Structure formats: structure tokens, C-alpha cells
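Chain letters run A, B, ... following the sequence lines, proteins first and then strands; every chain starts at 1. No experiment lies behind these values; they were computed from the predicted model shown.
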Amino acid sequence: MAKLLSLEQAARMIPDGASVMVGGFMGCGSPHRLIDAIVTKGVRGLTVYCNDAGWPGHGVARLITAGLVKTLNATHVGLNPEVAALMASGGLEVRLIPQGTMAEQIRAGGNGTGGVLTPTGIGTMAAEGRQVVDVDGKRFLLEKPIRADFAIISGYQVDHTGNIWYKGSTRNFNPLMATAADTVIVEADTLVEDGCIEPENVVTPGIFIDYIVKGGAW
Amino acid sequence: MAKLLSLEQAARMIPDGASVMVGGFMGCGSPHRLIDAIVTKGVRGLTVYCNDAGWPGHGVARLITAGLVKTLNATHVGLNPEVAALMASGGLEVRLIPQGTMAEQIRAGGNGTGGVLTPTGIGTMAAEGRQVVDVDGKRFLLEKPIRADFAIISGYQVDHTGNIWYKGSTRNFNPLMATAADTVIVEADTLVEDGCIEPENVVTPGIFIDYIVKGGAW
Amino acid sequence: MDKEQLKSVIAGRAAKELKDGDVVNLGIGLPTLIPGFLPPGVRVILHSENGIIGMGPALDAGQQQQAFVVDAGGKPAKCMAGGAFIDSATSFGIIRGGHVDASFLGAIEVDREGNLANWIIPGKKVPGMGGAMDLAAGARRVIVVMEHTNKGTPKILERCSLPLTAEKCVDLIITEMGVFEVTPEGLLLKEINDEYSLEQVKAATGCELLIPEAIGKMTE
Amino acid sequence: MDKEQLKSVIAGRAAKELKDGDVVNLGIGLPTLIPGFLPPGVRVILHSENGIIGMGPALDAGQQQQAFVVDAGGKPAKCMAGGAFIDSATSFGIIRGGHVDASFLGAIEVDREGNLANWIIPGKKVPGMGGAMDLAAGARRVIVVMEHTNKGTPKILERCSLPLTAEKCVDLIITEMGVFEVTPEGLLLKEINDEYSLEQVKAATGCELLIPEAIGKMTE
């Protein structure tokens, strides 16, 4: 039973220093309107979890460019040159995580398991400081669950219960992040009546969603 | 690119002593026609993974009643009295697994992680012989991945590529088992052309499916 | 009280633990009666561990070969508008991840530390734990609803003797005699059913109870 | 050979590693050319790690704000009939679980043990590993496709000097000069491009090569 908020109301919920998961992959499936509203409202020292840094002017990049982000946890930042400059000037801390590990860590954050045992990163810098667990003679890194105070995600169709259907490849991290934050806000491209999304075709069940903001068609 | 087989051809693929995952929950979402074909053909000493033992005459129970199963890995067998009798007579070994653990172990079997770190079962008989892993002061059981030689599952709509859409609660263990066996056979209630299932609504991608058998409407 | 009255008292009291919008998982048997006692305006979302969110009330139907939607007992069921079907891993991720607000379960034994035994009687009954271990370990609140005794033999004990379903998992116990909260200090008698005296409740309980100065009334 | 010819030689040879129905992940750049060289009758299923199975060939389009389907580089893409959209956890489960038959990746360095370095040049370029570590560790076959040298400096080395993407993960290396298989004994020169002499290949390679009696021809 998700509650409808205006973009401004939603933006005001996020305090300085909050940790925020941002859905999307290079901006595809990111909550663009809500990101804009947060930039307009202004906030400081966010810790952000997002697949990437987008490209300048697009997606999560707008939060970074506006100077709202203290730490970015991402898998790849190479397509946003501003990030390299900010990292060099000390204006942004970036923690890099292998993409499959990050996806599974967020899933673990939402599903009550103790983390992920992954072969990815063994023998690399990604293994630094990680516990190694031996299972039947094969070594795995123990990567801990990731949770955040907020998840801001995007959905193409969202019903009043909060059920979400994702169009195309906008899905990516959105369904995972929806499970792993204390407060979850979805930006709906289209708000539909309950029952419009067949129960079989619901990707993110509404029980994970706290608030809906209307995005409108792009 | 899944290949079409007759029920008889599919049944003949499964040799004595094979390990077989069987989809379904109390028969809902089980590949009933394929189960019947396996019973008709006959096979010995199967190790079966299935949520439950069904009820007599229904679902995986038909394999058990026919004496084809040496070991049953399940979460619950209480609704099939024949199982208790077979256990008592030594005709069937039953290994009980918590349902959430079994689901996640099968998922791990299919996704290359080293197992599941679950709080479920801590302080119970389910913890016997399990490695306990401490993550930030909380204890988790390490439950190893489960894989099998075969998975036999059911799908309501299946296209020629092998993409599957599940109706109602027939989904349950089917999408998980599809990822975790060397050979995966789906019984299609309805066989449809590629493109009939919207890419967004595909639940099990066809890349996991080796063979399709036609089940027809129930 | 006859059996039906007794069930009504327990399920009726259990319904008061729920608020509008709660995600709830109901064990088989007595717990399935709870939705029938919800006050108007309180709608809960039933989670069925075989993969339904937003399950409808129990259907009056037997086992069928053709059901595409079944409940956790394998009986035909339905999904409400606004509901969703999910796979078993997602379903138990919801449970383990604390997204189920309340799990109502029966018990064979429960003890003052909140340990729960409800899945096996070694040598007699070995049905399997199904989803019970995950529900007991993972739900935000675990509420035991059961008859206070097994034909006079206490089920609320100092320490469970049967193999556990989960350790220290129970938050609240609701029986026909009263409502008992598991606290760090022990088992607190929160409410008592007028039909029983305090002495009767104590006599039917296998462990010491914490008795507050004012005990609430279970039924109004 | 000019750059275009060189790319064609590499991508054309890489395409021969694929058989009908293979599930394939292509890194950005050169690997995306491979599908254009598949012989008639060989259709592969492109996996894009951001959540597409059955991605169509690259679209000739720039970055758009409105795309609902993008490839792993964020560029507009499409999904073929018979394809599927999946979430990122499922996508990487497919990779880690060995369901991707072949991953074609570029490399900054690769060595005779099959160690791969392609994600970071400390102090100079820190783009992040994206999905590369998972692909290198998880795909059934990891095939490096790259120019043989970096402006004359060998990229195939005795031992990688840069931080690794994954250890001992590479199965095959395809360059404009030849095809090299990682074996337990070392790096085997399987095929050579006629345009180069054995001595030229050796000189451009930073580690010893195992030379079989009969070396295959890379191009016919």
C-alpha cells in the first residue's frame, strides 16, 4: 500500500548524509524527475549506490555534478569524465565493485542472507580485505550485504499498491534496490489501477514500495 | 534454442541412478505428463529434489509410489502418508531441507556462487554438519549449492526458444531448477511462437532450456 | 468453550495484532481463521510461501488436479487484484529479509525464551519443516496461536524438549487462556481470558509467568 | 593492414569460435563487430549484462535520453523476438553460473598463464571493472580479441604487470597476428596470419610461445 507523494515531498524526505540507492544503468531506468527534484531541493554528503556515474547531465551524474554526493559506490565511472576530475580534486570518493557482486550484495541486503560467496575478484584488487571462504576446495570471496536508507527507483507501470512492471532494459538494478532500503520511492512513468498489471507479470511486488511519485512519460 | 521431444523420448533420456529436480508445489506446476511417461518407461534409483512428496497419485508422488526413487530431498512430506510407510520400511531415504534454504541452494547451483549464508536453521537439527560463518557478529549456516543431472519442470506458455511464462502459483521452484541442472526439460501446457511472450514477461529465459515436451492443456 | 468457540477466541484476539497494510503469513489450520476477524478498514496482504502475495481468503474447495493457484497447503486459492506471483527464492527472500510483518504459526511446544518446536516429533511424526523454519527465523514478528495445552498437558514450557524450529524466535503467544509476551526477563502474562482464573492459567502452563500488577482482559 | 582490415581479421577469426545457438557476451569496441562475420546458418544469442538476452545487432544511434533498451555501453539497443529482459542479479547469475558460452573481451595485458588485465591503469585510468571481472571469472570460455601490441609494445606478456581482472581465466587470444591458446604448458601458437612471419610474431610477443610442428593458417 504505497503512498503518493509529490516530487518535492519525496525530495524533502532525504536528509543530509543519507545513503541512497539509485536505480538505472547509464541512466536507463533511473528516476530522472526525482533526481532533478533532489538537485533542486539540495542535500549534502550523500552516500550513493548506483551501477555507474551516468554521463554528464544524465542520470545519477546530475547528483554528482551538483556536489551532493560524498561517496559513490559503483561498478564503472569511465563514461563520466567529471567523475575522474572530482576524484582527483578530492571532491568525491569512489568505491568500485564488480557489477555482479554489487547486484547480489544488494539482493542479499534485501533477503536476509549473510552475504554473497562469489568467485569473482579472487586474485584481484577486489579481494582486498575480504574474507575468503572455502567450499569443497574452491575459494569464494564473502561480500557483505548492502542496504541503504533510501532507494529511489523507476518503473514504467506502477499500480496503487506499488506493483511495478519495467519496460525494456530499464529493469536492471531497480527490482533489487526495491528490497534493500528502509524507504523505497518509485518514480512511475505511468500510474495504473490495481489489477492492470497481471499478477504473473509483476516484477517488483508492491510490498517493497513505500512511496510513489508521478514521473509522467518521458 | 530448445529442441522438441516426445514424452517417450524425454523419459528415455533419464538413466538409472540419475539425480532429478522436479518442479512444482504439491503438484501445482509439476510436469505431470512427463512424470507419467517416466513411470511408464520405468527407471531405478533416482535421487529426487522436489519441494514436497505431493499427495498419493498426484505429482512427484507417482514417481515415489512406482518405486523409482531412492532418495527424496524435500521440505515437507507430511501430506503423503505413503512416504512415511516407505521411510519406515527402508524403501525410501528422505532428506528434509528448510524450504527457503532449498530454494536458495538451487539458485546458487545455477548461478555460480559458493552457497547460501542463511540464518534459518541456526540452533536446530538443520544445522547439523553445517559450517557456521560469522558475518559482523551474526551467525549464518553455509548451505552448499544444489545441482542435478536433470530438471523436469512445467510451463504454461513456452515458445520455441524455450522462454517460459508461468500461470498463477505454478512458478514456485520451476525457474530456479531451470538454471541448476545439466539437462533441463520443460513440459509446455501451450507451445507458442517466439515473440508471443513479451520479452519483459519472460520468467525463465530460453537459454536455460534444453528440451521441450508438449503437455497440452490439463 | 467448545472447539469452535476456542478457535474464535484465539483467532479473534490474534486479528488485533494486525494493522492496515501489514504483510502476513498464516500457517495451516487455526491461523487461516484470523482474516475473518479483522475489523472493517483493516486490510492485510496475505503472503503464501509457495509464491503468492495478496492471496485471497481461503476457498471452500478440496484438492483439485487442475488448480493453477494453490495455497501453502496445496489447496486451490486465488490472488487478489494488486497481488503478485513470485518464485520460491523470492518468496523466502521476503520472509528472511524481514518483509513479512507477522507470521502466525501453531506450536507443539514453545518455551519462556521464545524457542519454538512445531515441525517434528522424532519417531512419531516427521512431516518436514516446510517453510516453518524460515518463517520462524525471518518474520518481523512471530506469533504462536494454539490451544493452551495438549489435552491438559502444558505446551508452554520452561524449555522445549522437542527439536526446535528456531531458537528465541517467538514474540507473542495467544491461546484460549490468555496472551503471553516473550520478554528478556521471561514470559509475561499480558492478558487473561475471563473464563479462566489466574490459578487455572498457571496450572496449565509449564513455566513460571511474570504477572504484572494489572493484567489486561483478553476479550471484551 | 590498416585499422579496419585489422579489426576485420580479428573479428572474422573470432566469429569462427561460435556455433549455432551459443550464448555470447561481447565487450565494447572490437568484439561488437563479431556478429557481422558469422556464417549463414549460425545464429548466436547475445547476452548484454545490463539485462538483455537476445539483444539485436548494434543500432547506428547515439546516446538518447529516451531509450528504454540500452546495451552495456548505455547506447540504444533492441531485443529480438524470443529474447528476454532480466534484472542485474539474474544477468550475472547467468554469467557466473557458466551459462554464457563465450565472452569476448579486449585486454590491456594478458599473460601466458591466461591472467587478464583490462580494467585499470593505476594513477592513469580508473574507469571501474563494470561486468568484466564477472565475465572473466564466470564465462565458459574467455576469448581475448585485441591488437597484438600497443603501438609496438607487447601486450602478451610473461606475467601481467597491471592489476588483474581475473586470474587464469583466458582460454584463447586472437590478434591480427595469430591465434594463441592458453594451455597448462604455456601459450600455444595455434594459427598464424600469413601476413606475418613467425619471427615477427615472436618479436611482438612478450613471452615464450609453444610452436607446434604444423601451425594453422589464421586466414584462408
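Aromatic ring centroids of D/Phe85 and A/Tyr166 lie 6.0 Å or more apart.
Using a 4.5 Å heavy-atom cutoff, the side chains of D/Arg96 and A/Glu104 are in contact. Under the 4.5 Å side-chain criterion, counting only non-hydrogen atoms from C-beta, A/His76 is not in contact with D/Met129. Within the 4.5 Å cutoff, the side chain of A/Arg171 has no heavy atoms near those of the D/Ile86 side chain. The shortest distance between side-chain heavy atoms of D/Trp119 and A/Met125 falls below 4.5 Å. You'll find the side chain of D/Asn50 stays beyond 4.5 Å of the side chain of A/Phe173, heavy atoms only.
Counting heavy-atom neighbours within 6.0 Å of D/Leu210 CG, excluding the residue itself, gives a total above 12. Around CZ of D/Arg140, the count of heavy atoms belonging to other residues, nucleotides or ligands within 6.0 Å does not exceed 12. The neighbour count for D/Glu208 CD, taken as heavy atoms of other residues, nucleotides or ligands under 6.0 Å away, does not exceed 12. For NZ of D/Lys168, the number of neighbouring non-hydrogen atoms (other residues, nucleotides, ligands) closer than 6.0 Å is 12 at most.
With a threshold of 4.5 angstrom between heavy atoms, A/Pro98 approaches chain D through its backbone and through its side chain. Within the 4.5 angstrom heavy-atom criterion, only backbone atoms of A/Ile97 (N, CA, C, O) approach chain D. Only the side chain of A/Leu176 has a heavy atom closer than 4.5 Å to any heavy atom of chain D. For chain A, no part of D/Ile95 is nearby; none of its heavy atoms comes within less than 4.5 Å.
Note that the OG atom of D/Ser48 and the CG atom of A/Asn172 stand 10.5 Å from one another [nearest 0.5 Å].
Of the residues considered (A/Asp52, A/Leu96, A/Val94), A/Leu96 shows the highest number of contacts with chain D, using heavy-atom pairs under 4.5 Å. Here A/Val77 is the residue among A/Val77, A/Asn51, A/Val83 with the most heavy-atom pairs under 4.5 Å with chain D.
Under the 3.5 Å distance criterion, with hydrogens and angles disregarded, a donor-acceptor pair is assigned to the side chains of A/Thr120 and D/Asp134.
For D/Ser88 (side chain) and A/Ala103 (main-chain N/O), no donor-acceptor pair under 3.5 Å exists by modelled atom type.
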